[in-house]
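First comes the structure, then the notes that go with it.
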Amino acid sequence: MKKEIHLKKLRKAMKKVQDNGRFEHTVGVEYTAAALAMRYGCDIQKAQTAGLLHDCAKCLSDDKRLSICKKNHIPVTELEGRNPFLLHAKVGSYLAREKYGIKDRDILMAIQSHTTGRKNMSLLEKIVFVADYIEPGRKHAPNLSEIRKLAFLDLDKAMLRILEDTLGYLKNSNGDIDPMTEETWRYYYGGGALHEK
């Protein structure tokens with residue numbers, strides 16, 4: 001019963017701090033993360049919690065995100081300084097801990113790494129990273145239907161495809177590329193995922 005109340009409370013909290021479109025995406029990620037958790041034997045409630053909170057800092061202003069980082073000594077890279085919207089994952093992880101009372105490190109890391117990924121990710125981190133990309137409300141990402149199928153067959157391969165497509169999109173649109181995304185891609189492309197098993 002306690003688990004239900006916890007998730008209900010978080011859903012209510014997100015509805016307050018997010019616009020309608022963002023909240024719909026959040027609930028989509030929550031349920032997709034739960035489905036992937038069932039498939040891969042991960043804790044379902046942790047997946048739902050991380051899914052609900054992954055964008056808890058997305059609707060803050062750039063100034064607010066920068067100020068939270070400054071006040072709390074959260075490191076900001078040069079790229080993030082130029083594009084403060086990229087800070088929503090780091091700030092989200094901080095808010096999940098300080099504002100929403102999440103103490104579980106795996107959940108906090110899943111929130112923090114959901115946009116760029118990182119080397120040697122936990123199962124929960126991979127689930128939230130993939131769920132964010134394939135949730136039912138997502139319409140415009142390339143190769144979406146193929147990646148959705150792949151996500152339930154091989155999580156690491158799905159991650160690699162998402163990273164490749166993201167990097168390809170950013171290169172083609174002359175967008176800034178976070179070095180962490182490239183590092184994550186190199187790690188998984190080079191078989192890093194195989195070494196951690």
Side-chain angles (χ1 to χ4, degrees), residues 14 22 25-58 79-80 85-96 102 104-170 175 177-197:
M14 290 308 100
R22 182 58 46 192
H25 165 73
T26 290
V27 173
V29 174
E30 177 199 357
Y31 287 113
T32 306
L36 287 167
M38 286 181 220
R39 162 67 180 88
Y40 291 105
C42 187
D43 183 301
I44 296 166
Q45 198 211 356
K46 275 194 191 189
Q48 285 181 272
T49 303
L52 277 171
L53 289 173
H54 82 287
D55 271 354
C56 66
K58 189 85 177 199
L79 176 69
E80 290 165 341
F85 66 89
L86 293 172
L87 288 166
H88 81 273
K90 279 182 184 174
V91 174
S93 182
Y94 169 80
L95 290 177
I102 303 300
D104 187 300
R105 189 173 182 278
D106 201 15
I107 294 174
L108 297 173
M109 284 308 300
I111 296 166
Q112 189 170 316
S113 64
H114 83 267
T115 52
T116 59
R118 68 182 184 96
K119 295 195 295 192
N120 206 13
M121 289 164 83
S122 71
L123 177 59
L124 180 63
E125 285 178 87
K126 291 175 188 177
I127 281 171
V128 175
F129 180 89
V130 171
D132 183 37
Y133 197 85
I134 68 166
E135 63 92 5
R138 184 81 72 180
K139 303 271 189 283
H140 304 298
N143 308 309
L144 204 44
S145 60
E146 192 187 323
I147 293 170
R148 280 179 174 142
K149 281 182 203 140
L150 191 56
F152 288 88
L153 299 170
D154 187 323
L155 201 57
D156 285 341
K157 280 186 182 158
M159 271 198 60
L160 194 55
R161 283 300 303 276
I162 291 167
L163 288 160
E164 281 169 0
D165 287 351
T166 302
L167 289 168
Y169 170 78
L170 289 169
I177 293 172
D178 192 310
M180 183 66 97
T181 308
E182 286 190 307
E183 194 180 297
T184 307
W185 175 79
R186 271 197 304 274
Y187 176 79
Y188 283 95
Y189 184 73
L194 303 174
H195 303 313
E196 72 190 40
K197 284 176 182 156

Pairwise side-chain contact, [X] with [Y], heavy-atom cut-off 4.5 Å (strictly under):
| X | Y | answer |
| --- | --- | --- |
| Ile147 | Asp165 | yes |
| Phe129 | Leu163 | yes |
| Met109 | Leu124 | no |
| Arg138 | His25 | yes |
| Met121 | Tyr187 | no |
| Met14 | His54 | no |
| Tyr169 | His140 | no |
| Val130 | Ile162 | yes |

Atom pair [atom1]/[atom2] of [X] and [Y] - distance to nearest 0.5 Å:
| X | Y | atom1 | atom2 | value |
| --- | --- | --- | --- | --- |
| Ile107 | Ile111 | CD1 | CD1 | 7.0 Å |
| Glu182 | Leu170 | CD | CG | 9.5 Å |
| Asp43 | Gln48 | CG | CD | 9.5 Å |
| Leu95 | Leu108 | CG | CG | 11.0 Å |
| Thr32 | Phe152 | OG1 | CZ | 7.0 Å |
| Glu30 | Leu53 | CD | CG | 9.5 Å |

Discussion item. Pairing donors with acceptors under 3.5 angstrom, does anything connect the side chains of Thr116 and Asp178?
Written reply: no

Of all heavy-atom pairs between [X] and [Y], which one has the smallest distance, and what is that distance?
| X | Y | result |
| --- | --- | --- |
| Cys42 | Ile127 | CB-CD1, 3.6 Å |
| Ala57 | His88 | CB-O, 3.5 Å |
| Asn120 | Tyr188 | N-OH, 3.8 Å |
| Met180 | Gly117 | CG-O, 3.3 Å |
| Cys56 | Ala96 | SG-N, 4.4 Å |
| Ala151 | Ala158 | CA-CB, 3.7 Å |

So does [Y] get a backbone contact from the side chain of [X], meaning a donor-acceptor N/O pair under 3.5 Å?
| X | Y | value |
| --- | --- | --- |
| Arg118 | Thr181 | no |
| Asp55 | Lys58 | no |
| Tyr40 | Leu155 | yes |
| Thr26 | Leu52 | no |

Worksheet item: Among Lys90, Lys119, Glu125, whose side-chain hydrogen bond (donor to acceptor under 3.5 Å, both in side chains) with Ser113 holds?
Response: Glu125

Just jot down the side-chain hydrogen bond (donor to acceptor under 3.5 Å, both in side chains) partners of [X], sequence neighbours excluded, or say none.
| X | value |
| --- | --- |
| Arg161 | Glu146 |
| Thr184 | none |
| Arg105 | none |

